[in-house]
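Notes for the one structure printed next.
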Amino acid sequence: MSTVTRFAPSPTGLLHLGNIRTALINWLYAKNSGGKFILRIDDTDQERSKEEYISQIKYDLEWLGIDFDETFNQSSRFERYREEFEKLKSAGRIYACYETPDELERTRKLQMAAGGKQVYDRSALELSDQQKKDYELEGRKPHWRFLLQTERMRWNDLLKGEIDIDLTSLSDPVLFREDGVPLYTFCSAVDDIDFNITNVIRGDDHTSNTAVQIEIINALDKNKISFAHHALLKASSGDKLSKRDNVISIDSFREENIEPISILSLLSTIGTSKSIELKDSIQQIIDEFRLDTISTSPGRIETDVLKALNKKQVQKFEYDEVKTRLDKIDTNIDQKFWNTIKGNLDTVEDVAAWTDVVFKNNSFETEDKDYINLALELMPDEPWDDQTWTVWTNDIKERTGRKGRELFLPLRLAFTGLTHGPEMKLLIQLIGRNKILERTKN
RNA sequence: GGUCCCUUCGUCUAGCGGUUAGGAUAUCUGGUUUUCAUCCAGAAGAUCACGGGUUCGAAUCCCGUAGGGACCGCCA
């Protein structure tokens, strides 16, 4: 049977390095085994879910090159959840509860103070028909809980190994809210069955939840899903990754002109036993993917590494690959320009900083006037080639006796206004004789 | 408080009873580029969280302690 994986974000915030990693792992797992990848939007909570986040999530995935074979919103399947719910109800696995959130909160606090388990006490199970009727007359509506019957839930987690959860330490999950809205724990179980999901790979934050879900799945059908839980990523500060932390949102990286392949390269190697390096292509990442290289201990993300990877990618780019982007900055940027400058860039768009250096008619202050004037006297006529600079500076060297830094830095400074940059023998060809004269006029 | 998990160079990690504890990245040094970056060569960097036990022998197995993470919702 071919694999089916899914990524199920709730559209309540932007995608960041942490949750996109989960998406990537699921996608890679599917791709690597010739399976299917489904994007499921977990939007049952209509108050917190926002349409703009749905489109943002899809756009981010697309931008990164993570495509999906199928997508749907949980909000379109309320009827189906109701149907399955009725099934469980007639099987006696569901019971009505009438506590208000306040009452539940109070009980929890009491339990905490007493040092006991903070687990729902199932007092609704004792309710007589008359008591329920009284509640309804009071205007209370029931919410519905699933009766957990397993004491210990065990499964072989593809990443964490044998897991053994004490289900008595967990509350009976609420499946339907008082207002009739089904909750994630249930919807997810129904969907995973209906869409024939074979592998659920998700963050460690779902581990104990999985125990509950397996029991629900078993009550509906028979669980055939393999679960895998990877460790969560931490920020470089050591703090947890937050949806509100826009410093690491995919959106912010796109705005900083970080390449998708740089992000993908980082995400497919960080927190794994693989070398942290820039990958040539998405295909390479797919081919090299192995679930068992992913670590079970929480690692931290160093965003500097992402910048370094991106720099490498920029230097790899051939002119044709970035031509349209360069044209947007300045149509005068040609292949020679790009090849000369790209080694000095962190992002493709940083090239903008060099258009002035090459094209603009500005002049720079120089303290070494006599030296520069001598250099200009010796400046060869055009056309210039790769040898011009060497010939020229050799002349200057002979006439002045200068060498090394003393010889070259004043020239660079006078011609470009900068103390660093691409090789001068290439750069002067871009700038040209006229502009050099212009810049050193006064 | 309960439940589950984690702890090896700065960082990400390999390691499954006998290794000079390996790699990647970052750092430093030298060379190349007469700059910066790249590239090449090399160096430094880990009392394997701590304590105890099992064993001829423990990073590796067991117990405890400490630290970290996750969850304990009518969120997902």
Side-chain angles (χ1 to χ4, degrees), chain A residues 8-13 19 42-45 47-49 74 97 99-101 104-105 108 111-120 141-145 157 159-161 163-171 173-185 187-188 202-212 229 231-234 236 238 240 243 266 269-277 293 295-302 304-305 308-309 311-312 314-315 342-346 389-390 393 397 403-409 411-413 416 418-425:
Chain A
S10 67
T12 55
N19 42 34
D42 283 7
D43 60 348
T44 51
D45 189 342
E47 275 163 39
R48 299 199 316 145
S49 299
Q74 285 193 321
C97 301
E99 298 90 347
T100 64
L104 289 171
E105 183 61 27
R108 264 195 295 273
Q111 283 173 327
M112 178 134 63
K117 289 183 175 181
Q118 293 170 64
V119 171
Y120 178 62
K141 282 187 186 147
H143 58 275
W144 305 88
R145 284 185 196 264
D157 195 281
L159 279 168
K160 297 173 74 156
I163 302 285
D164 183 0
I165 302 267
D166 178 7
L167 268 182
T168 65
S169 72
L170 265 26
S171 299
V174 175
L175 264 37
F176 268 75
R177 298 201 312 210
E178 174 197 304
D179 61 5
V181 172
L183 261 15
Y184 161 79
T185 310
C187 302
S188 183
R202 68 221 303 201
D204 197 26
D205 50 340
H206 283 282
T207 306
S208 34
N209 195 259
T210 295
V212 174
H229 294 86
L232 267 17
L233 256 21
K234 291 187 291 181
S236 42
K240 74 179 263 183
K243 282 190 181 181
L266 176 72
T269 54
I270 192 120
T272 76
S273 53
K274 298 221 268 297
S275 299
I276 300 166
E277 63 183 12
T293 60
S295 167
T296 50
S297 60
R300 52 180 72 192
I301 282 191
E302 305 281 345
D304 286 352
V305 177
L309 291 177
K311 194 183 175 78
K312 286 209 169 90
V314 171
Q315 290 171 10
K342 69 177 179 183
N344 289 70
L345 307 176
D346 288 331
W389 178 251
T390 313
T393 51
K397 191 196 280 179
K403 56 180 182 179
R405 199 181 172 81
E406 258 208 312
L407 174 71
F408 294 99
L409 197 60
L411 300 176
R412 177 182 286 280
L413 211 50
T416 70
L418 299 168
T419 55
H420 64 91
E423 279 189 74
M424 282 303 279
K425 74 170 188 182

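Order of the sequence lines fixes the chain letters, A, B, ..., with proteins taken first and strands second; residue numbering starts at 1 for each chain.
Heavy atoms of A/L183 sit under 4.0 angstrom from primed sugar atoms or phosphate atoms, though from no base atom. Backbone-only engagement by A/K311 is indicated by non-hydrogen atom pairs under 4.0 Å involving sugar-phosphate atoms exclusively. Among the atoms of the strands shown, none is found under 4.0 Å from any heavy atom of A/D304. If you check every strand for non-hydrogen atoms under 4.0 Å, A/T296 touches sugar and phosphate atoms only. At the heavy-atom level, A/E99 lies under 4.0 Å from base atoms of the strands shown. Within 4.0 Å of A/G421, counting heavy atoms only, lies at least one base atom of the nucleic acid. In this structure, A/E423 reaches the bases: a heavy-atom distance under 4.0 Å links it to at least one base atom across the strands shown. In this structure, A/T44 reaches the sugar-phosphate backbone alone: every heavy-atom distance under 4.0 Å involves primed, P, OP1 or OP2 atoms, never a base. Residue A/L409 is classed as having no contact, given no heavy-atom separation below 4.0 Å to the nucleic acid. Among the protein residues, A/Q118 comes within range of the nucleic acid bases, having at least one heavy atom under 4.0 Å from a base atom. Contacts of A/T272 with the nucleic acid, taken as non-hydrogen atoms under 4.0 Å apart, involve only primed sugar atoms and P, OP1 or OP2.
Proximity of a side-chain donor or acceptor of A/Q315 to a complementary backbone N or O of A/G343 within less than 3.5 Å is detected.
Here B/C75 presents its C1' atom at 16 Å from CZ of A/F176, a figure rounded to the nearest Å. In this structure, CG of A/L159 is placed 19 Å from P of B/C4, rounded to the nearest angstrom. Atoms CG (A/N209) and C1' (B/A76) sit 9 Å apart, rounded to a whole Å. Look at CG on A/L104: it is 11 Å from P on B/C75, rounded to the nearest Å. Between the CD atom of A/E47 and the P atom of B/C74 there is a distance of 15 Å, rounded to whole Å. Computed from coordinates, the A/H420 NE2 to B/U38 P distance equals 14 Å when rounded to whole Å. One interatomic measurement links the two molecules: CG of A/L266 to C1' of B/C12, which rounds to 10 Å at whole-angstrom precision. At whole-Å resolution of the value, CD in A/Q111 and C1' in B/U3 are 14 Å apart.
Annotation: B/U65 and B/A24 have their P atoms spaced 39 Å apart (nearest Å). With both ends at atom P, the span from B/G10 to B/C5 equals 28 Å, rounded to whole Å. Taking atom P in both B/A14 and B/G52, the straight-line distance is 27 Å, to the nearest Å. Taking atom P in both B/C6 and B/U47, the straight-line distance is 22 Å, to the nearest Å. One C1' atom belongs to B/C50, the other to B/A44, and the distance between them is 27 Å to the nearest Å. Separation of the C1' atoms belonging to B/G45 and B/U11 is 12 Å when rounded to the nearest angstrom. On the P atoms, B/G17 is 48 Å away from B/C75, given to the nearest whole Å. Taking the P atoms as reference points, B/C9 lies 11 Å from B/U13, given to the whole Å.
The phosphate of B/U13 (OP1 or OP2) has a side-chain N or O of A/S295 nearer than 4.0 angstrom. Neither OP1 nor OP2 of B/U13 sits under 4.0 Å from any side-chain N or O of A/T293. Contact annotation: A/R300 side-chain N/O to B/G69 OP1/OP2 distance is not under 4.0 Å. At the phosphate of B/G73, OP1 or OP2 sits under 4.0 Å from a side-chain N or O atom of A/R108.
Nucleotide B/A66 is matched to B/U7 when pairs are restricted to Watson-Crick or G-U wobble geometry with both distances under 3.5 angstrom. If you check B/A41 for Watson-Crick or wobble pairing at under 3.5 angstrom, you find it paired to B/U29. B/C48 is unpaired under the criterion used here, namely a Watson-Crick or G-U wobble arrangement in which both key atom distances are under 3.5 Å. Pairing for B/A14 is absent, with no Watson-Crick or G-U wobble pair whose two atom distances lie under 3.5 Å.
Nearest heavy-atom pair, A/V181 versus A/T44, reported as atom, atom and distance to 0.1 Å: CG1-O, 3.5 Å.
One side chain, A/T210 or A/R202, offers a donor N or O that lies under 3.5 Å from an acceptor on the other. A/D204 and A/H229 form no side-chain donor-acceptor contact under 3.5 Å, judged by distance and modelled atom types alone.
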### Query
Could you go step by step and tell me if A/R177 and A/D45 meet the side-chain contact (heavy atoms from CB on, under 4.5 Å) rule?
CA-CA 11 Å; A/R177 298 201 312 210; A/D45 189 342; 4.3 Å; yes
### Query
Stepwise, does the side chain to side chain donor-acceptor pair (under 3.5 Å) test hold for A/S171 with A/R145?
CA-CA 9 Å; A/S171 299; A/R145 284 185 196 264; 5.1 Å; no
### Query
Would A/Y184 and A/Q74 satisfy side chain to side chain donor-acceptor pair (under 3.5 Å), going step by step from the backbone distance to the final call?
CA-CA 9 Å; A/Y184 161 79; A/Q74 285 193 321; over 6 Å; no
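Residue A/D45 has its side chain nearest to B/A76 when only B/A76, B/C74, B/G1 are considered. Each of B/A76, B/G23, B/C12 was ranked by its minimum atom distance to the side chain of A/I270; first place goes to B/C12. Side-chain proximity of A/R48 to the nucleotides B/C75, B/U3, B/C6 is greatest for B/C75. Listed nucleotides: B/G2, B/A76, B/A37. Nearest to the side chain of A/Q315: B/A37. The A/S273 side chain lies nearest to B/U13 when the options are B/U13, B/A24, B/G2. The listed nucleotides are B/G73, B/A76, B/G69; the one nearest the side chain of A/Y184 is B/A76.
Stacking here means ring centres nearer than 5.5 Å and ring planes tilted less than 30 degrees, and by that measure A/H206 does not stack onto B/A70.
Between the side chain of A/N344 and the base of B/C36, at least one donor-acceptor pair of N or O atoms lies under 3.5 Å. A donor and an acceptor atom sit less than 3.5 Å apart, one in the side chain of A/H143 and one in the base of B/C74.
Both A/R412 and A/S297 lie near RNA chain B, and the one whose nearest nucleotide falls closer to the 5' end is A/S297.
Tested against A/V314, the residues A/N344, A/D346, A/L345 include a single side-chain contact (heavy atoms from CB on, under 4.5 Å) partner, A/L345.
In this structure, the side chains of A/L411 and A/W389 come closer than 4.5 Å at one or more pairs of heavy atoms.
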